[in-house]
Amino acid sequence: MKKITFAKTYPAYLTLGVLLLLSIGAWWFLSNKVEAERKVEFNAAVSSVMQRLDLGVQQQEEVMVSMKSLYKSLVEVVKGVFELYGSIPVETRPYILSISYIPEIQESQKEQFIHNTRGELFSNEFDYKLDQTYTIFPEGSRESYFPITFIVPLSKNVYKCGYDVSQDKNLYTTIQKALSTKSISASAIHQVRKDTLGFYLVLKVENKPSPDDSEYDPNNPFAKVKPKTRVIVLEIDAKNFFETVLGSKVASDDLVSFEFLDKASDGSMKRIFTSKGFTEDAMKSSNLQDVKTLQLANRSLELHFSSKPNFAAGFANAVPYIVLFGGGFASFLFFGFVYSTITSRARAENLAEEMTRSQRRIVDSSKDIIASLEMNGIWKNMNPASQLLFGMEPDKLVGQSISKLIGEQDSTELLALLQQSKDEQTHTKLYHITGADGVARWISFHFTVSKIDGLFFAIGRDVTIEKEAEDQIILRSKQIQLAEQYVIKESQTKTEYMIHLSEDLRDSLSSTIGFLQLIEAEAYETESEKDEFLKTTLDSTEQLLSMMTDINDVAFENKTFKMVKEYVTVKNVIDEALKIVKADNPDLPKISVEYNSNGEDRVFANKEVFVESIKHILGAMFETVSAPSTVQIEVQPNPHENVMEVQIMTPINPLASSQIGVFKANQRNIVESMHLDQNSIVFRLAIAQTQIQRMNGGVVYESFGENDHNLAQIHIPISQFD
């Protein structure tokens with residue numbers, strides 16, 4: 001037995017090495033994927049926290065803006081109004097400690113301000129136990145004061161009334177920033193009260209000016225003090241605020257822990273809030289960390305996020321290693337299989353060569369195009385079927401662009417589609433190709449993209465017979481539908497004619513009978529011959545009347561073509577039809593309507609049929625329109641003819657213009673001319689015409705040229721004809 005050498009078995013070892021590398025690659029890929037998924041979950045949890053915090057900050061800023069708007073809209077804001085507007089956010093948001101109104105008062109205005117404010121605070125019954133001597137404290141003479149004038153809720157903050165906040169360094173600094181920037185300013189997070197860590201939001205406000213605004217008058221102790229500088233201060237409990245805004249029912253919060261840091265006066269970062277279960281050790285050992293910034297008015301808080309210890313636990317960790325060991329085991333199994341079959345390689349190669357020759361014979365004898373294209377659209381190879389379908393030998397096509405067969409525009413669109421497609425993706429395209437022999441054929445191509453080979457594989461089949469049969473079916477369908485509309489119109493016309501005829505005859509005969517009955521009732525002398533004549537005439541007339549009544553009943557019993565009409569508004573009909581056109585054609589560009597009506601635009605018609613006819617007209621006129629356009633509609637009543645004249649002017653559309661010409665040239669044989677119809681434009685114009693005629697109206701289509709507008713002139717009855 002011939003010894004098997006390494007030269008023959010090396011493919012098996014090569015396969016083993018490749019499979020082991022693939023297993024390692026799968027392990028590496030899955031490990032990275034698990035890590036990426038955790039990163040996505042972590043980022044989602046961080047984003048959830050930040051979104052809630054941003055929303056909470058925004059709500060507080062809205063409170064400030066709302067209070068500022070109060071002062072802008074009123075000449076003077078009194079205590080009652082301030083408490084009314086301020087009590088709502090205070091009562092609904094437990095973390096708001098107070099909302100204060102603080103004006104800047106000069107030393108010269110101090111006494112007058114105290115007098116006015118005391119009168120404002122205690123003019124009505126006051127339920128709180130407070131010494132009714134409003135004063136500014138702490139005592140001392142200063143150039144200016146910032147006393148708390150109004151505060152909500154007063155019951156919990158009454159001791160702050162009159163406090164000069166210029167003595168509070170943090171708040172006073174924040175007020176100065178708000179006055180200089182004219183926007184909301186935030187203080188550092190600090191001990192705003194003895195047992196409360198919080199912060200202030202400050203916003204400058206201005207009263208609506210009044211006609212009697214004037215400078216301070218020291219000689220008039222009862223004059224109102226007009227401070228030039230005023231601020232609204234929102235005092236917030238930081239811990240309560242963060243806990244309320246974050247809530248406790250968000251599942252993603254269980255994945256992360258975080259701490260909030262604020263910059264202290266000495267420049268260091270001070271921890272102001274932490275999540276439940278936060279520890280510094282967990283923060284240091286976490287493999288997923290992130291730092292975000294929360295913008296609190298003009299201050300920035302640093303938020304340090306880290307994943308919790310149990311975040312990376314679970315079965316997902318073991319999956320990459322399972323794949324690694326499973327892939328290694330499968331690699332050795334496959335190596336054994338390849339090694340056991342390596343001795344039959346020569347036989348397999350011979351068999352493969354035979355199969356290749358067989359497949360080549362099939363390709364060469366096929367009547368379908370089997371070819372390949374380079375990425376730039378150049379034919380690389382083609383089977384002999386090109387001679388049968390295009391009248392050209394394969395050698396004359398190979399090296400040529402596909403545009404030689406399908407045209408430049410179709411070629412550009414096809415290559416753009418194929419070059420953007422995924423590997424092994426298949427597209428089917430139908431082209432009308434005229435070969436070198438002058439014969440036009442419909443060829444259905446199936447293009448398959450091969451990114452690995454850098455080629456497009458094409459299989460083309462002659463579907464001329466199927467395409468022509470399909471076109472004939474569509475043509476016959478259009479002809480049948482159009483013929484049905486003509487039958488309905490003619491039948492309805494005959495029915496209405498019979499109804500009017502029978503009514504006229506019945507009225508005439510009724511009159512005759514009436515006169516004959518009067519003659520028969522005259523007091524004649526015994527003239528039996530005359531009586532017999534009158535009797536015979538009366539019987540004959542009654543018989544004719546009975547026949548006419550039967551004709552009328554038969555006409556009314558024809559329910560198939562009976563049309564119920566009512567009074568409808570032209571604008572409503574056009575709006576509804578345009579809405580249907582847009583729904584049926586979602587890719588249609590924007591259409592605006594210029595509607596002009598000279599008086600009443602109400603007509604007597606069947607609403608459903610009227611809407612359907614307008615839909616067909618607009619759909620035909622906008623076929624292939626690709627740019628935003630305008631429809632101009634003029635509605636003019638014509639009382640002399642009892643009709644409403646409606647003109648619909650549509651934008652430039654060369655295809656619609658040419659098809660209007662086809663319609664007008666073939667109106668007498670429109671059904672037989674459906675083979676000239678393109679994009680069903682003639683068909684829709686004809687359907688609309690028959691529908692409008694069924695309502696005793698008419699329509700005329702006009703085109704002002706391929707580069708000009710198209711027009712549909714409609715007349716429809718204004719009221720019911722007697």
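Position 1 is the first residue of the sequence, and the numbers go up from there.
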[Y] backbone acceptor or donor facing [X] side chain under 3.5 Å:
| X | Y | value |
| --- | --- | --- |
| Asn653 | Val625 | no |
| Asn638 | Asn642 | no |
| Asn679 | Ile681 | no |
| Arg602 | Thr569 | no |
| Glu641 | Val643 | no |
| Gln691 | Ser613 | yes |
| Glu424 | Thr448 | no |
| Asn666 | Val662 | yes |
| Ser47 | Asn43 | yes |
| Asn606 | Val609 | yes |

Hey, are Lys615 and Glu576 close enough for a salt bridge, meaning a charged N less than 4.0 Å from a carboxylate O?
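The answer is no: the pair does not qualify as a salt bridge.
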Give a yes or no on whether a salt bridge exists between Asp575 and Lys571, defined as a side-chain N under 4.0 angstrom from a carboxylate O.
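Salt bridge flag = yes for Lys571 with Asp575.
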How close do [X] and [Y] get, counting heavy atoms only, and between which atoms?
| X | Y | value |
| --- | --- | --- |
| Ala178 | Lys204 | O-CB, 4.2 Å |
| Asp677 | Val682 | OD1-N, 2.9 Å |
| Gly705 | Ser657 | O-OG, 3.3 Å |
| Phe82 | Met67 | CE1-CE, 3.5 Å |
| Gly56 | Val245 | CA-CG2, 3.9 Å |
| Ala656 | Ala620 | CB-O, 4.0 Å |

With sequence neighbours excluded, give me every salt bridge (Lys or Arg N to Asp or Glu O under 4.0 Å) pair touching residues 680-692.
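Residue pairs with at least one partner in residues 680-692: Glu623-Arg684.
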Do [X] and [Y] touch side chain to side chain, with heavy atoms closer than 4.5 Å?
| X | Y | answer |
| --- | --- | --- |
| Ile99 | Ile96 | yes |
| Ile633 | Val635 | yes |
| Lys565 | Asn696 | yes |
| Arg93 | Gln59 | yes |
| Leu711 | Ile648 | no |
| Val81 | Leu74 | yes |
| Val603 | Tyr567 | no |
| Ile614 | Ile714 | yes |

Euclidean distance, [Y] [atom2] relative to [X] [atom1], rounded to 0.5 Å:
| X | Y | atom1 | atom2 | value |
| --- | --- | --- | --- | --- |
| Gln632 | Glu594 | CD | CD | 5.0 Å |
| Met64 | Ile232 | CE | CD1 | 7.0 Å |
| Gln60 | Ile236 | CD | CD1 | 4.5 Å |
| Tyr701 | Asn710 | OH | CG | 12.0 Å |
| Ile687 | Ile692 | CD1 | CD1 | 11.5 Å |
| Met649 | Met621 | CE | CE | 10.0 Å |

Run the side chain to side chain contact (heavy atoms under 4.5 Å, CB included) check on Ile591 and Phe622 step by step: do they pass?
CA-CA 9 Å; Ile591 301 174; Phe622 279 95; 3.8 Å; yes
If you measure only the distance, is there a donor-acceptor pair under 3.5 Å linking the side chains of [X] and [Y]?
| X | Y | answer |
| --- | --- | --- |
| Ser183 | Asn298 | no |
| Ser421 | His427 | yes |
| Arg694 | Thr690 | no |
| Tyr101 | Arg230 | yes |

Tyr85: what forms a ring pair (Phe, Tyr, Trp, His ring centres under 6.0 Å) with it, not counting sequence neighbours?
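Partners of Tyr85 under the ring pair (Phe, Tyr, Trp, His ring centres under 6.0 Å) test: none.
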Please step through side chain to side chain contact (heavy atoms under 4.5 Å, CB included) for the pair Leu414 and Phe445, ending with a clear verdict.
CA-CA 11 Å; Leu414 174 64; Phe445 277 104; over 6 Å; no
Do Phe456 and Phe447 have ring centroids that are under 6.0 Å from one another?
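They do not qualify: ring centres at least 6.0 Å apart.
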More than 12 heavy atoms of other residues, nucleotides or ligands under 6.0 Å from [atom1] of [X]: yes or no?
| X | atom1 | answer |
| --- | --- | --- |
| Glu206 | CD | no |
| Lys579 | NZ | no |
| Glu566 | CD | yes |

Between Gln713 and Val699, does a side chain to side chain contact (heavy atoms under 4.5 Å, CB included) hold up when you go through it step by step?
CA-CA 5 Å; Gln713 295 178 306; Val699 60; over 6 Å; no
Step by step, would you call Val65 with Glu62 a side chain to side chain contact (heavy atoms under 4.5 Å, CB included)?
CA-CA 5 Å; Val65 174; Glu62 289 173 355; 5.6 Å; no
